[in-house]
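Letters go in sequence order (proteins before strands), and every chain restarts at 1.
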2 protein chains.
Amino acid sequence: MSATPTSTKERILDVALELFVEQGYDKTSLRQIADRLGVTKAALYYHFERKEDIFLELHLRMHRLGSDVLDELDGLGPDEIVTAWPHVLDGFVDQVLANRDLFLLHQRNENAFKQIVDDERHRAENEDIEERFRALLADAAIPLEQRVRMACSIGAALLPLMGGDVFGDVDPGEIAGYAREAVRGLLGGQ
Amino acid sequence: MSATPTSTKERILDVALELFVEQGYDKTSLRQIADRLGVTKAALYYHFERKEDIFLELHLRMHRLGSDVLDELDGLGPDEIVTAWPHVLDGFVDQVLANRDLFLLHQRNENAFKQIVDDERHRAENEDIEERFRALLADAAIPLEQRVRMACSIGAALLPLMGGDVFGDVDPGEIAGYAREAVRGLLGGQ
DNA sequence: GTCTATATTTCGATAGAC
DNA sequence: GTCTATCGAAATATAGAC
């Protein structure tokens with residue numbers, strides 16, 4: 001096992017993710033990131049033009065996760081979406097489990113993300129996942145009751161997995177199992 | 001109907017709440033608050049010693065709401081808590097509906113709140129609601145499955161009501177109605 | 001209670017040597 | 001690719017007049 005030769009750029013992103021989750025994007029200075037990494041502030045500017053770009057790069061990681069989930073629903077009709085939803089949610093739980101820090105980053109920095117998404121560069125190239133989610137929940141072809149249930153199921157799946165050690169020292173996988181059951185109860189009971 | 005003679009302190013809090021929800025606590029400067037209110041920055045310092053204190057005061061408003069909910073469970077045994085939970089959740093939905101801006105404030109500024117809660121003054125006097133919630137979900141006397149369901153139900157109730165106009169131009173009360181049903185499905189199906 | 005003016009600090013970002 | 005040094009902007013907070 002050779003030491004993983006992670007690129008500096010990657011290491012910056014990892015440290016930034018840590019700090020953004022701990023303290024928030026706004027309260028984290030480039031100096032803190034550089035210090036924890038053992039370099040100087042100026043070095044960061046060789047890899048990223050702006051502080052915002054570090055944040056944006058992390059956002060794109062999450063963006064890719066969300067796209068995978070939503071692609072499953074591409075081209076489906078209203079009824080088929082409702083039918084496929086439980087399976088989609090199950091995949092969603094998997095992704096939250098496997099990428100908890102990324103989801104924490106988003107949950108704890110909602111405002112910072114909102115401002116980045118409303119920005120020039122980003123909006124131009126790729127439409128945002130939140131936008132696609134919105135479109136899904138705004139689709140009048142699906143009965144409102146079903147759409148609200150879909151939204152509820154996301155919240156139900158997300159909250160218990162985001163709390164850290166709220167339930168004491170329990171295996172996250174066990175929590176996820178119970179959460180899946182709960183979500184099935186929510187979606188199953190017509 | 002006479003114009004409500006709201007005190008300046010109260011008006012500062014209202015304007016601050018607006019801006020903190022729109023832009024986030026960190027990205028909102030005292031200058032912006034003062035401008036929207038039609039006074040100068042220095043005037044704010046007559047009413048609040050620090051910027052943080054404005055935020056703290058808004059946090060306490062929410063704190064009181066949460067305490068009302070949790071007080072219902074005071075002194076109950078594990079089984080009784082589980083039994084009472086659906087009713088608690090129903091009251092919770094009512095409060096979210098009636099105080100959406102306060103809940104939005106918290107949702108969009110999680111990091112800022114975390115730092116304030118970890119602070120001297122605040123921790124000393126009154127234990128935080130989040131702490132009481134944590135204690136509830138960590139209570140080993142309640143089966144883990146039930147506790148996860150409780151957490152899920154909070155997420156399920158919260159998410160659809162926080163999205164703004166995600167569902168199009170629909171009455172929030174109608175959304176809340178469907179959300180209550182969904183939560184019942186989640187909690188009812190053993 | 002609100003103002004003008006200013007002190008103080010911190011941060012993002014750049015220039016240029018190595 | 002990383003460093004030292006510094007600029008310029010913006011923010012919190014204070015002092016003191018009215």
Side-chain angles (χ1 to χ4, degrees), chain A residues 3-59 105 109 111-116 118-122, chain B residues 3-59 108-109 111-116 118-122:
Chain A
T4 340
T6 319
S7 72
T8 302
K9 189 161 181 172
E10 210 68 31
R11 290 173 59 228
I12 293 174
L13 287 168
D14 290 341
V15 169
L17 175 55
E18 276 179 30
L19 284 166
F20 292 166
V21 167
E22 285 174 27
Q23 314 177 329
Y25 171 73
D26 298 292
K27 288 241 162 66
T28 300
S29 67
L30 293 176
R31 201 184 106 77
Q32 284 179 298
I33 298 175
D35 281 359
R36 186 173 289 198
L37 211 103
V39 296
T40 60
K41 217 173 35 168
L44 304 182
Y45 278 93
Y46 174 81
H47 299 277
F48 297 93
E49 281 192 19
R50 288 170 293 270
K51 178 189 180 188
E52 213 188 88
D53 291 348
I54 301 179
F55 199 52
L56 183 58
E57 191 73 26
L58 290 171
H59 175 60
L105 176 72
N109 293 281
N111 270 299
F113 278 112
K114 195 159 54 98
Q115 277 161 343
I116 281 210
D118 291 349
D119 197 81
E120 337 78 66
R121 289 182 301 287
H122 192 233
Chain B
T4 338
T6 319
S7 71
T8 301
K9 188 161 182 171
E10 210 67 32
R11 291 172 58 229
I12 293 175
L13 288 168
D14 290 341
V15 169
L17 176 55
E18 277 178 29
L19 285 167
F20 292 167
V21 168
E22 286 174 26
Q23 315 177 329
Y25 171 72
D26 299 291
K27 286 240 163 64
T28 300
S29 68
L30 294 176
R31 199 184 107 79
Q32 284 179 299
I33 298 175
D35 281 359
R36 186 175 288 199
L37 211 102
V39 297
T40 60
K41 221 172 33 169
L44 304 181
Y45 278 94
Y46 174 82
H47 299 278
F48 297 93
E49 281 191 20
R50 286 171 294 270
K51 180 190 178 187
E52 212 187 89
D53 290 347
I54 301 180
F55 199 53
L56 183 58
E57 191 74 27
L58 291 171
H59 175 60
R108 298 195 180 161
N109 294 280
N111 269 298
F113 278 112
K114 195 161 54 97
Q115 276 160 345
I116 281 209
D118 292 348
D119 198 80
E120 337 76 67
R121 291 183 301 286
H122 191 233

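Dashed line: the shortest gap from a side-chain N or O of A:Thr40 to OP1 or OP2 of D:dT2 is not under 4.0 Å. OP1 or OP2 of C:dT2 sits under 4.0 Å from a side-chain N or O of B:Thr8.
The ring pair (Phe, Tyr, Trp, His ring centres under 6.0 Å) search around B:Phe113 returns B:Phe55, B:His59, B:His106, not counting sequence neighbours.
At distances below 3.5 Å, at least one donor-acceptor pair connects side-chain atoms of B:Asn109 with backbone N or O atoms of B:Tyr25. The closest donor-acceptor contact from the side chain of B:Arg108 to the backbone of B:Val21 lies under 3.5 Å.
Salt bridge absent: A:Lys114 and A:Asp118 never bring a charged side-chain N and a carboxylate O closer than 4.0 Å. The pair B:Arg36-B:Glu18 meets the salt-bridge criterion, since a charged nitrogen lies less than 4.0 angstrom from a carboxylate oxygen.
If you measure from atom NZ of A:Lys9 to atom C1' of D:dT2, you get 16 Å, rounded to the nearest angstrom. In this structure, A:Arg11 atom CZ and D:dG1 atom C1' are separated by 13 Å, rounded to whole Å. When the C1' atom of C:dT2 is taken as reference, atom CD1 of B:Ile12 falls 11 Å away, rounded to whole Å. Note: CG (A:Leu44) to P (D:dT2) measures 9 Å, nearest angstrom. For B:Phe48 and C:dT2, the CZ to P distance is 12 Å, given to the nearest whole Å.
Pairs of residues two or more places apart, or lying in two chains, never qualify as side-chain hydrogen bond (donor to acceptor under 3.5 Å, both in side chains) while including a residue from residues 39-48 of chain A.
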With B for base contact, S for sugar-phosphate-only contact and - for none (protein heavy atoms under 4.0 Å), nucleotides 11-18 of chain C reads SBBB----
